[in-house]
Amino acid sequence: MPTVGDIVRVMEAHYPPRLAESWDKVGLSVGDPEEQVTKVAFALDPTLDVVRAALDADAQMLITHHPLLLKGVNFVSTATPKGRTIHEAICGGLAIFSAHTNADSARPGVNDELARLVGITGDTRALDEQTSSLDKWGVQFPDNGDIAAFKRALFSAGAGNVGDYSDCAFHTEGTGQFLPGENSSPAIGSHGELETVAEVRIEFVGKRKDREQIRAAIYRAHPYEQPAYDCVETAPEPTGTGIGRIGRLETTVTFAEFAQRVADALPETAWGIRAAGDPDKPITTVAVASGSGGSFLPTAAAAGADVLVTSDLKHHIVDDHLAASDMCVIDTAHWASEFPWVYQAERAITSELDVDTTIITLVTDPWNLGIRKEK
């Protein structure tokens, strides 16, 4: 029988946390990794009603796209909405896990599912492709020192991670030279005497955001008073992952026909979809950005898309876009553009673990009435 930790490992293999945006809060927010799980529930939002539905289904774990604790909370008493949700989950023995912007960027991920549903076929590319931002480091270290311990200190600070590989390094042997100054405190050698030492050069990469903690680890773990090291920024490298997708339809359709296709393909909500653009415009190249993707309007237009499918669009942003571009726009309910991912997440779990599952189809889109003027 799998544990919460087993399920977390499968989810993080499919949707690596390193792909999440820096502001995001993904992963296990409630639960014990050692607890056993016989049933997993899947939903988009970890609302109180969804938690209750998962408990009613006898699930021990709930996997959602949106995080439970994306914004900080100061109280978790039952007098607060978040507190009630957390209280009922813990009392019911329900672990809660989320894969958010890491699932948006992963391949396959949320955007791939949306692209498939609206009819994009063949290869796609990320609309906003992530690039690696790595530093290349080199450190000289005495070859009679504890090289293994020094490397462990570097790796603990975030060094040596390349894609899905960790503890990566390379070293070569050589001879170091230095002349200790009058005010120095050399670990090897004497003031005013040129010293040569058999050393190894240890080379590794590190994320740019980890630069200062890696530098601190070098000074902390190195036996020299003044370690010799260098750090060089590498050229950004495309990763193949990223937010949004752009690709082509199998056959060209009009914008009006495509808008109807989107409405038919996505889960139904009270107000359906909104569309802006020439109804007769031929649509061949389609961009999608699940969730709030209004910022990608210029990106999609510059990439040659005939239409962008996204959510949470604002009046002035769309109005300004249409004044500058003939790219059409479809605004879906945020919930509808992302909910189909739960079936993909379910397949990821059942393909690797023997556990029962259930999809909570409760519509958590907050807009529950779509009203037109009576004629």
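Scope of the values below: all heavy atoms of this structure, side chains included, with no hydrogens, waters or symmetry mates. Residue numbers start at 1 and run along the sequence shown.
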Exercise. Could you give the distance from CG (L249) to OG1 (T285), rounded to the nearest 0.5 Å?
Worked result: 8.0 Å
For this session: Determine yes or no for a side-chain-to-main-chain donor-acceptor pair under 3.5 angstrom, with N111 supplying the side chain and D104 the backbone.
Result: yes
Exercise. Say you draw a straight line from CD1 of I188 to OG1 of T196; how long is it, rounded to the nearest 0.5 Å?
Worked result: 10.5 Å
Problem set entry | Spacing of OG1 belonging to T85 relative to CG belonging to L62, to within rounding of 0.5 Å | 10.5 Å
For this session: Using a 4.5 Å cut-off on heavy atoms from C-beta on, say whether the side chain of Q36 contacts that of Q60.
Result: no
Exercise. Quick check: are there more than 12 heavy atoms from other residues, nucleotides or ligands sitting under 6.0 Å from CG of D123?
Worked result: no
Problem set entry | Evaluation steps, salt bridge (charged side-chain N to carboxylate O under 4.0 Å, His left out), between E352 and R9 | CA-CA 11 Å; E352 298 188 37; R9 282 189 287 275; over 6 Å; no
For this session: Kindly say whether G83 contributes a backbone atom to a donor-acceptor pair with the side chain of T80 at under 3.5 angstrom?
Result: yes
Exercise. Would you say P46 and H66 make side-chain contact, with heavy atoms under 4.5 Å?
Worked result: yes
Problem set entry | Test side chain to side chain contact (heavy atoms under 4.5 Å, CB included) applied to I7 and I63, step by step | CA-CA 10 Å; I7 293 167; I63 292 176; 3.8 Å; yes
For this session: Please name the pair of heavy atoms, one in P279 and one in T254, separated by the smallest distance, quoted to 0.1 Å.
Result: O-CB, 3.5 Å
Problem set entry | H65 and H100: CA distance, side-chain angles, deciding distance, side chain to side chain contact (heavy atoms under 4.5 Å, CB included) verdict | CA-CA 5 Å; H65 180 50; H100 191 209; 3.6 Å; yes
Exercise. Do V342 and Y15 sit in the same hydrophobic cluster, where Ile, Leu, Val, Met, Phe, Trp and Tyr count as joined when their side-chain heavy atoms come under 4.5 Å apart?
Worked result: yes
For this session: For residues M327 and L297, determine if any side-chain heavy atom of one lies less than 4.5 Å from a side-chain heavy atom of the other.
Result: yes
Exercise. Who else is in the cluster with F150 when I, L, V, M, F, W and Y are joined by side-chain contacts under 4.5 Å?
Worked result: W137, V139, F141, I147, L154, V200, I202, F204, I214, I218, Y219, Y229
Using atom types as modelled, flag every donor-acceptor pair under 3.5 Å from a side chain in residues 363-375 to any protein atom, sequence neighbours excluded.
from: T364; atom 1: OG1; to: D45; atom 2: OD2; distance (Å): 2.5
from: T364; atom 1: OG1; to: W335; atom 2: NE1; distance (Å): 3.3

Problem set entry | Shortest non-hydrogen contact from V329 toward H321 | CG2-CD2, 3.6 Å
Problem set entry | Contact check, side chains of D143 and E173, non-hydrogen atoms, under 4.5 Å | no
Exercise. Taking a hydrophobic cluster as the set of Ile, Leu, Val, Met, Phe, Trp and Tyr residues connected by side-chain heavy atoms closer than 4.5 Å, whether directly or through intermediates, do M61 and F42 fall within one such cluster?
Worked result: yes
Exercise. Does R261 offer a backbone N or O that forms a donor-acceptor pair with the side chain of D264 under 3.5 Å?
Worked result: no
Exercise. Quick one: does T101's side chain have a donor or acceptor within less than 3.5 Å of a partner on E21's backbone?
Worked result: yes
Exercise. Hey, mind stepping through D306 and F258 against side chain to side chain contact (heavy atoms under 4.5 Å, CB included) and telling me if it holds?
Worked result: CA-CA 11 Å; D306 299 314; F258 180 74; over 6 Å; no
For this session: State, yes or no, whether a side-chain contact exists between V40 and F97 at a heavy-atom distance under 4.5 Å.
Result: no
Problem set entry | salt_bridge(D167, K151) N-O dist < 4.0 Å | no
For this session: Please report the closest heavy-atom contact between A287 and L127, naming both atoms and the distance.
Result: CB-CD1, 4.1 Å
Exercise. Quick check: does any side chain N or O of E203 sit under 3.5 Å from a backbone N or O of F170, one acting as donor and the other as acceptor?
Worked result: no
Exercise. Does the T234 side chain pair with the main chain of K136, one donor and one acceptor, at a distance under 3.5 Å?
Worked result: no
Exercise. Would you say R211's side chain and D135's backbone share a donor-acceptor pair under 3.5 angstrom?
Worked result: no
Problem set entry | Note, S351 side chain near R347 side chain (heavy atom, < 4.5 Å) | no
Exercise. Quick one: does F255's side chain get under 4.5 Å of I330's, heavy atoms only?
Worked result: yes
Exercise. Roughly how far apart are E233 CD and L134 CG, rounded to 0.5 Å?
Worked result: 10.5 Å
For this session: Say whether L117 and I283 are linked into one hydrophobic cluster, either directly or through other cluster members, by side-chain heavy-atom distances under 4.5 angstrom.
Result: yes
Exercise. Could you walk me through whether V30 and L94 pass the side chain to side chain contact (heavy atoms under 4.5 Å, CB included) check?
Worked result: CA-CA 8 Å; V30 173; L94 182 71; over 6 Å; no
For residues 47-58, dump all side-chain donor-acceptor pairs below 3.5 Å to protein atoms at least two apart in sequence or in another chain.
from: T47; atom 1: OG1; to: V50; atom 2: N; distance (Å): 3.2
from: R52; atom 1: NE; to: E88; atom 2: OE1; distance (Å): 3.1
from: R52; atom 1: NE; to: E88; atom 2: OE2; distance (Å): 3.2
from: R52; atom 1: NH2; to: E88; atom 2: OE2; distance (Å): 2.8

Problem set entry | Value rounded to 0.5 Å, distance of CD in E12 from CG in N102 | 8.0 Å
Exercise. Which atom pair, heavy atoms only, marks the closest approach of E113 to P340?
Worked result: CG-O, 3.7 Å
Problem set entry | Nearest heavy atoms of H87 and T78, plus distance in Å | CG-CG2, 3.5 Å
Exercise. So, does E129 use its side chain to make a donor-acceptor pair with the main chain of A126 at under 3.5 Å?
Worked result: no
Seminar exercise, completed: Tightest non-hydrogen contact, residues P142 and H222, listed as CD-CE1, 4.0 Å
Exercise. For the atom pair OG1 (T310) and CZ (F296), what is the distance rounded to the nearest 0.5 Å?
Worked result: 8.0 Å
Exercise. So if you build clusters from Ile, Leu, Val, Met, Phe, Trp, Tyr with side-chain heavy-atom gaps below 4.5 Å, do L353 and Y343 land together?
Worked result: yes
Exercise. Given the rule in the side-chain hydrogen bond (donor to acceptor under 3.5 Å, both in side chains) test, do T241 and S105 qualify, once you have shown the distances and angles that lead to the verdict?
Worked result: CA-CA 5 Å; T241 60; S105 290; 5.7 Å; no
For this session: Take atom CD of E268 as the centre, draw a 6.0 Å sphere, and report whether it contains more than 12 heavy atoms from other residues, nucleotides or ligands.
Result: no
Exercise. For the side-chain contact (heavy atoms from CB on, under 4.5 Å) test, which of V10, V8, V4, T3 pairs with D6?
Worked result: T3
Exercise. Taking R201 for the side chain and Q140 for the main chain, is one N or O donor matched with an acceptor at less than 3.5 Å?
Worked result: no
Problem set entry | Side chains of S337 and S290, donor plus acceptor under 3.5 Å | no
Exercise. Under 4.5 Å between any side-chain heavy atoms of W341 and L114, yes or no?
Worked result: no
Exercise. Is V253 reachable from I273 through a run of hydrophobic residues whose side-chain heavy atoms are each under 4.5 Å from the next?
Worked result: yes
For this session: Determine, stepwise, if the pair Q344 / H14 fulfils side-chain hydrogen bond (donor to acceptor under 3.5 Å, both in side chains).
Result: CA-CA 10 Å; Q344 182 192 105; H14 286 265; over 6 Å; no
Exercise. With no hydrogens and no angle check, do the side chains of S311 and T332 hold a donor and an acceptor under 3.5 Å apart?
Worked result: yes
Exercise. Quick one: does K71's side chain have a donor or acceptor within less than 3.5 Å of a partner on L69's backbone?
Worked result: no
